[in-house]
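For ligands, and for the atoms within them, numbers begin at 1 and follow the listed sequence.
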Amino acid sequence: MRQLWGLPVLLLSAGIAFGQLKTLRPGFDMFTPQQDVQLGKEAAAQVEKTQPIVKNAQVDAYINELGHHLAQSPHAGSFPFSFHVIYDKNINAFALPGGPVFINTATILAADNEAQLAGVMAHEMSHIALRHGTHEASKGNVVNLLAGLAGAATGNGLMGALAREGISLGANSVLLHYSRDAESQADYNGAQIMAEAGYDPVQMAEFFRKLETKGSDGRVAQFLSDHPSPGNRVKAVEEEVQLMPARSYTANTGQFQPIRQMVSNLQPPRPQ
Ligand SMILES: [Zn+2]
C-alpha cells in the first residue's frame, strides 16, 4: 500500500517541476574544460592572424565592459571570457571553446539597442558555457580523437590533433556550426544571462528574428548557417521569461549609440 500511495505524489511533483526554470548543463564531451580553454586559445590565435581585428580603444573597452558585465551571471559559467570585434560587413558573431567571443562590426550596426547586442553576446557566451563546440567535436571518431587529444597533451597542439580528424576552423567547422538543439539551449541560457544582467531577454530573440527575416540577404548567410533557427524564438523566450522572477530590465551603459556611430566610421584595419 505504501508504494501505491507514493505514486500520485511523485506524479504531482513532476507536474510542478515542468513549469520551473531549468539550469542547463553541458552534454557529453571528450575534452576537459582545460582543453576547451587551450583549444580556444589556439583557435583565437588563428582568427587574429587571418581576420581584421578592430584595434580601437573605445570600441574594445565598451565590448569588454558589456561582456564582463554579462559574465557576472551565474549562468555564464566560469570560463575566462574575452571579447573581440572583427571589421566585417557581414552580420556574424561566433564563440570559440573556452572563452573567446568575436563580434563583427556589422552586428553592432544591425542592433537597434544595447539589449540586442547584449543578447547576441549572451547567446555566444552560452555556447561556450554549455561547451557546444567541443560537444560537437566529440561526436566524431572517438578512438582517433582520444588518441589525438592524448598526443596533444605531449605538446603537438589541440588544433593540430583536431586537424588530423578533419576538424578545422574553416566554413561549417563543427566547432562553430551548432545543432537546432544547441541553438535552443543557447537561447534559453542566454535569456537567463541577460535577465540576471538587467537586460530584457526578449530583445535577444527579437534580434535573431530580425536576422532570420533578412534570410535572403547574403550578409547574414554565415550566421544563419552556423546558428540554425530552432523556430519560434520569440515565443520560446517569452514563455521562459514568464517563469523568471519579476524584474525591471533597466541595464544600459548609455554608450551604445555613440559606440555604434564610432563603429560606422571605422576604417578597415591595415593587414598585419
Ligand atoms: Zn547559436
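Applying the side-chain hydrogen bond (donor to acceptor under 3.5 Å, both in side chains) criterion to R209, with sequence neighbours excluded, gives E206.
Residues F79 and P97 fail the side-chain proximity criterion, which asks for heavy atoms closer than 4.5 Å.
Side chain of Q35 to main chain of T32: a donor-acceptor pair is present (N/O by atom type, distance under 3.5 Å, no hydrogens or angles). The backbone N or O of F28 sits less than 3.5 Å from a side-chain atom of H135, completing a donor-acceptor pair.
Only protein N, O or S atoms were scored, and 5 of them lie under 2.8 Å from the Zn ion (ligand 1).
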Check: Could you walk me through whether D60 and K55 pass the salt bridge (charged side-chain N to carboxylate O under 4.0 Å, His left out) check?
Finding: CA-CA 7 Å; D60 259 353; K55 307 272 185 210; over 6 Å; no
Item checked: Trace of the side chain to side chain contact (heavy atoms under 4.5 Å, CB included) decision for L70 with Y199 -> CA-CA 9 Å; L70 294 166; Y199 291 100; 4.2 Å; yes
